[in-house]
2 protein chains.
Amino acid sequence: MVTSVDSDVLKALSDPLRMQIVRLLAREALCTTHLVEETGARQTNLSNHLKALRDAGLVDTEPCGRFTYYSLRPEAVEALAGELAKLAATAREAAGRKRSC
Amino acid sequence: MVTSVDSDVLKALSDPLRMQIVRLLAREALCTTHLVEETGARQTNLSNHLKALRDAGLVDTEPCGRFTYYSLRPEAVEALAGELAKLAATAREAAGRKRSC
DNA sequence: GTAACGTATCACTCCATGGTGACGTCAGTC
DNA sequence: GACTGACGTCACCATGGAGTGATACGTTAC
């Protein structure tokens, strides 16, 4: 498929809390403790969501002593943005086309 | 919030069947019958998903006799793509920044 | 008029997923 | 060594959402 638009990434981003995490990580790398402060969510809950983001390839982890730094992977977000832009372009040039019933 | 990245739109796109519908509609306007043929899903099921896409502002409807044509709204997809690109850009320029523990 | 067709809505079941507490593990401090 | 704090994993429960059949509504054909 040409425009495969990774469904896993979209799913990972479709949760409001995960989206909030991604927005925070876009500004600077943070460790779980910071995210607990910023979001008000429980550590366990965050750990689950961070695992989901990791599995989707959206964030990188970097252990630092007993802390773990999380950072956003710009290329993953860019890839998704590109796919969507391509989809929109396709829709624009197909505007008006309709299959007859 | 600057990068508000509409969570509803992401949620609407995060379902594989809905993503498939969007991809089909990007190429040409289709009515439910066509989508039933293309996807193999039940009419009721499709109607539900189309409602979700309508509510998210991703598709337009155009009644045509007893048929209803659905078409993708490029601007909705473009808006999302733009937000994500902006997010990726923020992440790129913040690369290396980390909050100390 | 009635029949047939395309589509939307409702009520329901079932499954996936989010949130939580208990617990385990690893690193640093004493 | 023991203790504490930072994270991750597991098992459980509750909720949301997907899929479905029955049904209602509007339009076209007869």
Side-chain angles (χ1 to χ4, degrees), chain A residues 5-25 28-72 98-101, chain B residues 5-25 28-72 98-101:
Chain A
V5 184
D6 198 342
S7 190
D8 294 339
V9 177
L10 278 167
K11 203 165 196 175
L13 289 176
S14 67
D15 183 272
L17 179 52
R18 284 199 290 265
M19 194 65 226
Q20 188 185 357
I21 295 173
V22 166
R23 268 190 260 120
L24 289 167
L25 293 181
E28 53 182 339
L30 298 170
C31 53
T32 312
T33 315
H34 296 138
L35 290 170
V36 170
E37 290 171 13
E38 295 281 349
T39 64
R42 305 293 177 86
Q43 181 268 322
T44 308
N45 190 8
L46 277 174
S47 187
N48 285 330
H49 284 297
L50 286 168
K51 177 172 167 50
L53 291 172
R54 246 183 296 142
D55 290 348
L58 275 167
V59 301
D60 267 340
T61 62
E62 185 197 348
C64 173
R66 57 179 160 174
F67 300 96
T68 305
Y69 273 102
Y70 285 88
S71 54
L72 188 60
K98 59 172 66 177
R99 190 185 299 187
S100 59
C101 289
Chain B
V5 185
D6 198 341
S7 191
D8 294 339
V9 178
L10 280 167
K11 203 167 194 172
L13 288 176
S14 67
D15 183 272
L17 179 52
R18 284 202 289 267
M19 194 64 225
Q20 189 184 356
I21 295 172
V22 165
R23 268 188 260 120
L24 289 167
L25 293 181
E28 53 182 337
L30 297 170
C31 54
T32 314
T33 316
H34 296 139
L35 290 170
V36 170
E37 290 170 14
E38 294 281 348
T39 64
R42 304 291 178 87
Q43 180 268 323
T44 308
N45 189 9
L46 277 174
S47 187
N48 285 330
H49 285 296
L50 287 169
K51 177 172 167 49
L53 290 172
R54 246 183 297 142
D55 290 349
L58 275 166
V59 301
D60 268 339
T61 62
E62 186 196 351
C64 173
R66 58 181 158 174
F67 300 96
T68 306
Y69 275 99
Y70 283 87
S71 55
L72 188 60
K98 59 171 67 178
R99 189 186 300 188
S100 58
C101 288

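Throughout, a chain's letter reflects where its sequence line sits, starting with A, and its residues are numbered from 1.
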Taking the side chain as every heavy atom from C-beta outward, state whether A:Glu62 and B:Lys98 have any pair of such atoms under 4.5 Å apart. yes
When you get a sec, tell me which of [options] is the closest nucleotide to the side chain of [X]?
X	options	result
B:Thr32	D:dG8, C:dA8, D:dA6	C:dA8
B:Tyr70	D:dG26, C:dA8, D:dG8	C:dA8
B:Arg66	C:dT7, D:dG8, C:dA4	C:dA4

Can a donor-acceptor pair under 3.5 Å be found between the side-chain atoms of B:Gln43 and the base atoms of C:dG6? no
Between atom [atom1] in [X] and atom [atom2] in [N], what is the gap in whole Å?
X	N	atom1	atom2	answer
A:Asp8	C:dA16	CG	P	15 Å
B:Glu62	C:dA8	CD	C1'	18 Å
B:Phe67	D:dA29	CZ	C1'	12 Å
A:Leu50	C:dG18	CG	C1'	14 Å
A:Ile21	C:dG19	CD1	C1'	13 Å

Among B:Leu50, B:Leu58, B:Val22, whose side-chain contact (heavy atoms from CB on, under 4.5 Å) with B:Tyr70 holds?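 Going through the options one by one, the only one that passes is B:Leu50.
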Compare every heavy atom of B:Tyr69 with every heavy atom of A:Ser100, then report the nearest pair and how far apart it is.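 Minimum heavy-atom contact is CA-OH, 3.6 Å.
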So which heavy atom on B:Ala12 is nearest to which on B:Ala52, and how close? CB-O, 4.5 Å
At under 4.0 Å between heavy atoms, what does A:Ser47 touch on the DNA or RNA strands: base, sugar-phosphate, or nothing? base
Using 0.5 Å steps for rounding, measure from the CG atom of B:Leu13 to the CZ atom of B:Arg23.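 Here the interatomic distance stands at 10.5 Å.
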List, one per line, each side-chain donor-acceptor pair under 3.5 Å for residues 35-47 of chain A, sequence neighbours excluded.
{"unit_1": "A:Glu38", "atom_1": "OE2", "unit_2": "B:Arg99", "atom_2": "NH1", "d": "3.1"}
{"unit_1": "A:Glu38", "atom_1": "OE2", "unit_2": "B:Arg99", "atom_2": "NH2", "d": "3.0"}
{"unit_1": "A:Thr39", "atom_1": "OG1", "unit_2": "A:Leu35", "atom_2": "O", "d": "2.7"}
{"unit_1": "A:Thr39", "atom_1": "OG1", "unit_2": "A:Ala41", "atom_2": "N", "d": "3.2"}
{"unit_1": "A:Asn45", "atom_1": "OD1", "unit_2": "A:His49", "atom_2": "NE2", "d": "3.2"}

Please list, for nucleotides 14-21 of chain D, all pairs of protein and nucleotide N/O atoms separated by less than 3.5 Å.
{"unit_1": "D:dG17", "atom_1": "OP1", "unit_2": "B:Lys11", "atom_2": "NZ", "d": "2.9"}
{"unit_1": "D:dA18", "atom_1": "OP1", "unit_2": "B:Arg18", "atom_2": "NH1", "d": "3.0"}
{"unit_1": "D:dA18", "atom_1": "OP1", "unit_2": "B:Arg18", "atom_2": "NH2", "d": "2.8"}
{"unit_1": "D:dG19", "atom_1": "OP2", "unit_2": "B:Asn45", "atom_2": "OD1", "d": "3.0"}
{"unit_1": "D:dG19", "atom_1": "OP2", "unit_2": "B:Asn45", "atom_2": "ND2", "d": "3.4"}
{"unit_1": "D:dG19", "atom_1": "OP2", "unit_2": "B:His49", "atom_2": "NE2", "d": "2.3"}
{"unit_1": "D:dT20", "atom_1": "O4", "unit_2": "B:Asn48", "atom_2": "ND2", "d": "3.2"}
{"unit_1": "D:dG21", "atom_1": "OP2", "unit_2": "B:Arg42", "atom_2": "NH1", "d": "2.5"}

